[in-house]
Amino acid sequence: MLRLLSFVLFLAIWWIAALFAGGAKLPSPPAVLQVMIAEAASGALFLHLGATLARVTLAFVLAMSLGSAIGYLMGRVKLADRLGDPWLILLLNLPALVVIVLAYIWAGLTEAAAIAAIAINKLPTAIVTLREGARALDRSLDEMASVFAMPRWRAFRHVVLPQLAPYIAASARSGLSLVWKIVLVAELLGRPNGVGFEIGVAFQLFDTPRLLAYSLTFAAVVLVIETLLVQPFEARATRWRPRAA
Amino acid sequence: MRLEVEITGKTFKSAAGGTHEVLAPVKFTLESGEVGVLIGPSGCGKSTMLRIILGLDHEFQGRIARPPQARIGMVFQEPRLLPWRSVEQNVRLAAPDVTDARLSELFKILELEAHRSHFPGELSLGLARRVALARAFAVDPDILVLDEPLASLDDALAGRLRDEIATLVASRPVMTLLVTHSLDDAVHLGDRLFFLSPRPTRIVAEVPIDIPRDTRGEAEIAAIKAGLAQRTQGDRAERDIS
């Protein structure tokens, strides 16, 4: 209910602002909606949205699985931490744009280059978060598992993984928002489709209604994924915590 | 089956760079069906000794001979339950072979039936301790290790849990190692008492209790305690003279 109210408030502010700014700079909500419907009817909206979502999914899964594994290793094995740390710092501070441009130069304007570039941008934050998680693992529970001779996989699944779950959730959440931002840049620079490409076109034509139509649809999809996937996962991972009154 | 412990020394390096001797030579054996009790002041290195015996700490001099394939049931000082698994899952994860009947029996003895599906965070310390006991017994252990399982519980509850431990220990042949600083627990449960010195830890005295556990009434317990008191006073007198 409160969410709906805040959404209505957002629309109201937008509409009022549109009245002052004029249609060219900030079109009113109905004008944008009209473009949305037209694009949806032609199928272009779904095509571009689908292309972007596919890239996001692939890059996200790649970065999360690789980053989690490396982060866990670095948190657990001192040698891995020492070896990996300089690389990690380099990757963390490398601007997204540099990675994307280099990827396109080295691997050509290909799908693989785009996805790899997005994944590389997300990778270091996943590593850092999971490394913290692995460092914070409760040693007394490890000892318990070892005394009771739990097989490795069972210990990992029931003792280690639940401790990492909040870190995985946090990394997924921040990572998803990072990937959303970077995918558009990657598409703008070197892909013939996707929301980023459309926004680039709209920018060149100074077509604000089209620009807003695409970005807001995109934002809506992000919001839906966040509520339907990320939040339930977080809630499940932390369900054993006694709830605050 | 027997457990042989022969530690010749254990030191650890402090952050300041000095080395501290934690354990002096310690040697004892435990037979199947026996309850050995390690008694000593807090911080005397009992837990260090346990960690070595359990194979969690390999940096010591000496040797530990555990029967190969021996199943270990352990009650840690803190319950060490998995907060994200229910009471029943906690027990089943440690003891995957436990039968439903056995589990129900254990939960009944330990009065945990109502808490099967609760998470450890929802339990009081006393209840969590009982879950830890249930877990240790569900393993059907060959070696049972109890590290101050009754500390910081009120007397009535501690007394009841002590009786439960005695019942469970009597129900199957198992070698039990109980660590405590409570003489009460020691004389109620122990077959042999090992009195430990402050650091570096060594065994000051080994006292067998010959009266079988189930025939120890109030009078017998008092008599054993009196005997022990005399003994320790004798030790002290001896030391004063020398």
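When reading the values below, keep in mind they use all heavy atoms of this one structure, side chains included, and skip hydrogens, waters and symmetry mates. Protein chains get the first letters and strands the later ones, always in sequence-line order, with residue 1 at the start of each.
- With A:Val147 as the partner, the side-chain contact (heavy atoms from CB on, under 4.5 Å) test is satisfied by one option alone out of B:Val145, B:Val139, B:Ile72, B:Ile143: B:Ile72.
- Residues of residues 92-111 of chain B that come closer than 4.5 Å to chain A, counting heavy atoms only, are B:Leu93, B:Ala94, B:Pro96, ordered by residue number.
- If you measure heavy-atom distances from A:Ser140 to chain B, the contacts under 4.5 Å come from both the backbone and the side chain.
- Atom CD of B:Glu113 sits in a crowded spot, with more than 12 heavy atoms from other residues, nucleotides or ligands closer than 6.0 Å.
- Within 6.0 Å of CZ on A:Arg157 lie no more than 12 heavy atoms contributed by other residues, nucleotides or ligands.
- Shortest non-hydrogen contact noted between A:Phe148 and B:Gly73 is CE2-CA, 4.0 Å.
- Neither the backbone nor the side chain of B:Arg71 comes within contact range of chain A; no heavy atom of the residue lies under 4.5 Å from a heavy atom of that chain.
- Using a 4.5 Å heavy-atom threshold, the side chains of B:Leu82 and A:Pro162 count as separate.
- Nearest approach of B:Arg80 to A:Met144, heavy atoms of both residues: O-CG, 3.8 Å.
- In this structure, A:Phe156 places its CZ atom where more than 12 heavy-atom neighbours from other residues, nucleotides or ligands lie under 6.0 Å away.
- Counting all heavy atoms, side chain and backbone alike, A:Val159 lies closest to B:Trp84 at O-CZ2, 3.3 Å.
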